[in-house]
Structures are given as C-alpha cells and as structure tokens.
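Heads up: the structure comes next, in structure tokens.
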Amino acid sequence: MITLKETIRSVLYERLKDIYPIVPEDIDFLYPPQAKFGDLALSLPMSLAKKLGDNPRRIAQKMTAEIGALPGILRMEIAGAGFINLFLDPAPFFRGRLASSAAKKGALRPDERKIIVEHTNINPNKAAHIGHLRNACLGDTLVRCLRFKGETVEVQNYLDDTGVQVVDVVYGLMELERKTVADLEKIDRFDYYCWDLYARTAAYLEEHPESYGRKAEILKGIEHGREPESEMAFAVSRRIARAHLRTMKRIDASYDVLPCESSILGLKFWERAFALLKERRAIYFQNEGPNAGCWVMKVEDEDDREKIIVRGDGTVTYVGKDIAYQMWKFGLLGRDFYYEPFAEEDGRTLWISTARPNDRNIGFGRASRVYNVIDGRQSYLQKVVVQGLRALRFEAQAEKSVHFSYEMVALSLRSLKYLGIEATAEEREKGFVEVSGRKGLGIKADDLLDLLEQKALAEVDRRNPELPDESKRRTAAQIARGALRYFMLKFARNSMIVFDVDDALSFEGETGPYLMYTVVRLNSIFRKLEERGGTTRADLEKRAAESRVSFDILNPAERDELWNLIVTAAKFEEEILHSVASLEFSHLAKFAFLLSQKVNAYYHRSPVLAEEKADVKNIRILGLYFVRGALEKALDLMGLSVPERM
RNA sequence: GCGCCCGUAGCUCAGUGGAUAGAGCAAUGGACUUCGAAUCCAAAGGUCGCAAGUUCGAAUCUUGCCGGGCGCGCCA
C-alpha cells in the first residue's frame, strides 16, 4: 500500500502541479470509513476550495477529468462534500501483494546508523513487578518493530548496582539478618526473599533514624569498593539481575548488554563528563543562595531555575550521572566500558560491563539515536538530561535522545483483595492503589505469569487431553505470555493501567489468546488442506506467485468481504511505521485484533475445504494465505508466538 | 503555585482535521453431526467533561473553566 500510494502521488502531482497551486505533500490520502466509498480518498478539492474561491464538489468534478486514468485504479467517484474516492483494481493489486509478500520485500528502509533501546532497568534489589512488565513489553516490542523496519538495534538493560535501593537490601542482609555472602547461596527464590526484606528494611530504616549513619557507610563502602559491603552488593545485584532475566525470558524479552552503574563509577565516566560540562560552560559554580557551593545547570522554560548537578559535598546527582551515561550512548564521552559475558541464550552472548580492563575487543554504544523506555514520572529529569546535552552543544544528539514514556500500572481494589490487603479510605476513594516496591505493594511478575499459565494449562488440558504433558505446558506458557503482552500493549502508553487480575487473566474477546487462536485455526485449515489434498506451503507460494486470481467469480457479498480483508491486511507495513513513529503500539495491537475479527468472520461464512468450485476455493485459500502472513508477522512483532494447537 | 498527562457507551478503552464516533467486557436473544464455540451472528447502549474560538469540515487544533492523576529534593 505504501508503494502504491507513492506511485499515485507522484503521478497526481505531475498531472496537477501546473493547474493548481500545490506541493507534493498536499496530495494526501485517507482511508474511507466505509467500503462503498472506495479504497483510497483524496480531500484535495476541499482543501483547495478556499484558495480557489470555488465550491469543492465542482473542483472535484474538474479535477477528476484532469487526472484521467491512474495506475491500479479502476474508477474514481466524487462523494460527500468533495472527496474523490478511488477504487483499486482488485486482481492486479492482490497479485502484486502476493508476489511481494512471497519475496519478503517491504517498502521499509532504515533511517539510522544504529539505534539503542534501553528498557527494563529494574533496580536489582527485589523481584520484578507488573509495572516492570509494562516497561519490558513496550521496550521489546519497539525493538522488534525497529528491526522489522531494517534498523540496527542494540538493546541495553541498565543495572543500578550501587544505588540506594541495593544499599537498603544490603543493610537488611547484614544488619537485620546477619547474613554473609556465603549465606546467600542457601536462600531459595532470592528475588522473592529480597522483595519482603526490602519492604521490611525500608520500614525499619524509617522508624530508626539512628541507622542512617550505618546506611551511609554502606553506600560509601559500595561506591569505593570496600569489603564486605561491596562484595555483598555485587552478589545481590548479580543474583537479582539473573532472576530478572529469567522472568523477562518468560515473556521473550532479551538484551544485548547490561551497563552497570558500578562500571560508570569505576571508569570515571562522570569525571570526564564533568570536565566537558565545565569546559563548555554548561554548568557553573553557585556562590550564593540556597545552592551555594554546588555546581548547577540552568533549566530552560522555567524562570531562574537551577538543577544541582554536583552537591556541596562534591558528589554527583542522578542527573549528572545520567548525562555522562547518555553521552556514552552517543559515543561522545571518548571512553567505553570493558565487557564480560554474563549469560548465553540461544547461542548469543549477553554482555555485562566491567571496570576491570581486559583484551576483549568488543564495543557497545555510539548510536545515532537513543530510546529510553522510562515511566512518565521521570519526564522532568529526562528533560533535564536532554538539556544537558544541549548545553554541551550536542544539539543533534539531544534531538535524537527520545524519552519513551508511559504511565504507571496501578492496582484495582479487587486485585488488592486478591493480595489479601485491605484498602485504606483514601485508596477506596481513588479506586486504585499505586504499586510500590518500598512498601512491598504490588503483584510480582512471576506470580502473575504463574497464574496465567495455570489457567491456560487447565484450558489446554480440557481441549486437548491427548497432548503430552510437556507440550501442554509449553503451550500454556505461550498463551500466558501472549495474554500478558497483548494486555500491556493494547492501552495507549499515556493512559494509566488500573490492573485487575480478572481482566488480565481473561482469554476471551480482545486478548492475546484470541489472536493466537485465530492463527492456530488458520494454520489448521492449511494443515487439513495438505492432509486431504496434498497442498503444501511450497504449493501455496508457487500458486501465489502465478496467481491468476479473479474476484469476479465470487458473489458480490463475498467479493466485498474478501476484498476488504485483503486491503486491511495490506496496510500492515503502514501500521508498523505509524506505531514506531508515534511510539504507540496500541495501534499495532488494534490492527492485529481488527484483522483477526475480519478473518474470523470471513471464513466462518465462506468455508474453504468444503467449497466445490475449484476457482472459488482457490481465491479463498490465497486470501487466507495472504492474511495469515500479515497476522503472523504482527503477532511476532508483539512478541506473541503461535502454538500448534491450543 | 508551576509543569506534564488524562476526561468518549453501565465498566475498561481505541479513535490527533474528514463522510453515519468504534471495540472488548457486562447484560439480552441466537448458532456447535460442519476448516476447532478461547469462535461467530443479532439487537441494545453516546449532549465525545463544559464553554468559546480557528476551519469548507473539530472527539481530534487554540484559549478559558470544571474534574482526576503524576511530577516539581544537595533521592534515584
């Protein structure tokens, strides 16, 4: 569809440019709301009406004559206030699409040299919760779509292994639990253990202000590599990071590299950035006022506001460190980390940064564009970081430093009941409860996935009792993942999800399992086709390539329905580009759902295997084959995989 | 107080300038000897928070107001 639109646009422009005061961008297509209005529409007559001082319908009349015949267009009609509706010639269009989809050549081209997507970024001090799942689902889907577009993408998952959150858990382990590093080995489900310990320690620290001295000592110890605090923090963060990776593996999210805060400190990234910030006068030393003794940066758009970058005691704030890190991502720092293998998955190595020099010649970073998937509450800080790049006169990089923000996941009151927690009066008033790792309030990612899997397994078992257990379990895991990923994608990123366990566990209606089920059934049709008639996938591809299709052999109702289905599926690439450009993957989700609804309705009315007329059967097969291709790809980009049976 | 986001069907949400505003859930009625009912079909459900403005055309853009959320630290 993209190619076709471009072709028509350039023909239209050539024919109309001398008659009307237009530029190529004025020729914009829209999709008519109903099939009877055709497949594409031009609103040009209406937008020209004022300029020409004429009424739109008369312009449309005249313009239609001036345009003449268009490639691939059967006829044009004037409708409504002055639309020119274009009707595609179905058979050639479908032939073209079958041929190009068989060749897997899209109209998509990369725009960047290299893109970094940073997502997940969970503090390595406790189990992951549902809010983290939203982050990973959005981030991983962005990665898949960018790669589909042809971009080179590097996936980073930042590990804040020296932050206060880890410090709290280290405090809990050492001071409250009196554990040594060796003891940790014996703890089962370490991430769950720390979930509770962290909540308990946070509460303890709040109630015992006298413990602050020891806490500060631990923080210093970790930052300066002093034992035993440093070793403990290292053990905790690595062990939790592995637990997070296992959890994310369940939803099929993966990463290339884990850059660590400890390496940033160890390799003195900040010192280098600090020197540059001073040199380029992006920050200045404040001598008076409340911020006296600090290095500060001016924040634009707000009157006389200063953001502290270096504190009075000489330590650097989060924003300062993040500016240095962001510079590294663009290759502006002039230094790199060292790397060690952290894990192997599917034959690929996941690397982790280290400050210890080694000879491995491996490098990350140096991107031309960066997406940071971080929740919307950090918008202000992200804005300040980008301003930091600007103040350093890295204008181009600031421009391509994108905060992919999303709203938080809160808990519904019903979900709270499920956790066995009583809502406060204020929470009842609001109708939801904010997830909080500090209070241990939230639903753990693995618990949710377990619940989904358990429920899916019961369904699979009921429907396919003859399947081997292993295959049932694998299918249940796929269904759980599909349900979760679709759930996380179907909402616009800026709307808060009030998470309800029952809604999220549903497998009916607009859900991941619905989409998966659609493809499973389509596959089943093709499987039966092969069993009964010996039509293999290769035969289909050959038939698609030859494809002497004609829509005229169908009755008008089916002809319209099938044509509508094909046109919808043909918008697939556009939907991906639209989703990537707007960072709104609910578009992709809705598209896949709409296409599923249409194809389900279609083959319900127009059976394939039982059809006796060979040519009718043939076009139905090719239609479903084409739609299945788009649907499979859409599901794959959302991270849904399709089981054999379900 | 300032900044960002949200307000669309009973509920949960799509829909960023185009034609009669769409889904799912819930509730109602119907379809399984048929390519799998995790499905499909039908009917029902709307002053798009309110007001003004811009436009040939506004749920969509602008302004004001009302209601809700989130930020605004020498925490991250």
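Taking 4.0 angstrom as the limit, A:Tyr514 places none of its side-chain polar atoms (N or O) nearer than this to OP1 or OP2 of B:C25. A:Ser524 has a side-chain polar atom (N or O) that falls below the 4.0 Å cut-off from OP1 or OP2 of B:G36. Contact annotation: A:Ser495 side-chain N/O to B:A14 OP1/OP2 distance is under 4.0 Å. Contact between the side-chain N/O atoms of A:Asn494 and the OP1/OP2 oxygens of B:C6 is not found at any separation under 4.0 Å. The phosphate of B:G24 has OP1 or OP2 within less than 4.0 Å of a side-chain N or O from A:Gln597. Note on A:Tyr380: every side-chain N or O is 4.0 Å or more away from OP1 and OP2 of B:G71. In this structure, A:Arg311 reaches the B:A76 phosphate: one of its side-chain N or O atoms is under 4.0 Å from OP1 or OP2. OP1 or OP2 of B:C70 has at least one side-chain nitrogen or oxygen of A:Lys430 nearer than 4.0 Å.
A donor N or O paired with an acceptor N or O is not found under 3.5 Å between the base of B:A26 and the side-chain atoms of A:Asp503. Under 3.5 Å, the side chain of A:Lys36 and the base of B:U20 form at least one donor-acceptor pair of N or O atoms.
A:Met496 has its CE atom 7 Å from the P atom of B:C70, to the nearest Å. Rounding to whole angstrom units, CE of residue A:Met646 and P of B:A37 are separated by 13 Å. Computed from coordinates, the A:Arg57 CZ to B:A19 C1' distance equals 11 Å when rounded to whole Å. The CG-P distance, from A:Leu595 to B:A14, rounds to 21 Å in whole Å. Computed from coordinates, the A:Lys590 NZ to B:G22 P distance equals 15 Å when rounded to whole Å. For the pair A:Asn125 CG and B:C75 P, the computed distance is 19 Å after rounding to whole Å. Distance, A:Leu588 CG to B:C13 P: 20 Å, rounded to whole Å. Atom CD in A:Glu510 sits roughly 16 Å away from atom P in B:G22 (whole-Å rounding).
Between B:A14 and B:C66, the two C1' atoms lie 25 Å apart (nearest whole Å). Across B:U39 and B:C32, the matching C1' atoms stand 10 Å from one another, rounded to whole Å. Remark: the separation of the C1' atoms in B:U47 and B:C70 is 30 Å, to the nearest Å. Look at the C1' atom in both B:G71 and B:U54: the space between them is 32 Å, to the nearest Å. Distance noted for atom C1' between B:A58 and B:C2: 30 Å (whole Å).
Judged by distance alone, the side chains of A:Gln382 and A:Ser405 never bring a donor and an acceptor atom under 3.5 Å apart. Looking only at atom types and distance, the side chain of A:Gln597 has no donor-acceptor partner in the side chain of A:Tyr514 under 3.5 Å away.
A cation-pi arrangement is found for A:Lys571 relative to A:Tyr31, the charged atom lying closer than 6.0 Å to the ring centre and inside a 45° cone about the ring normal.
Residue A:Asp461 forms a salt bridge (Lys or Arg N to Asp or Glu O under 4.0 Å) with just one option from A:Lys472, A:Arg645, A:Lys455, and that option is A:Lys472.
Look at A:Arg214 and A:Glu217 and you find a salt bridge, because one of the NZ, NE, NH1 or NH2 atoms lies within 4.0 Å of a carboxylate O, short of that distance.
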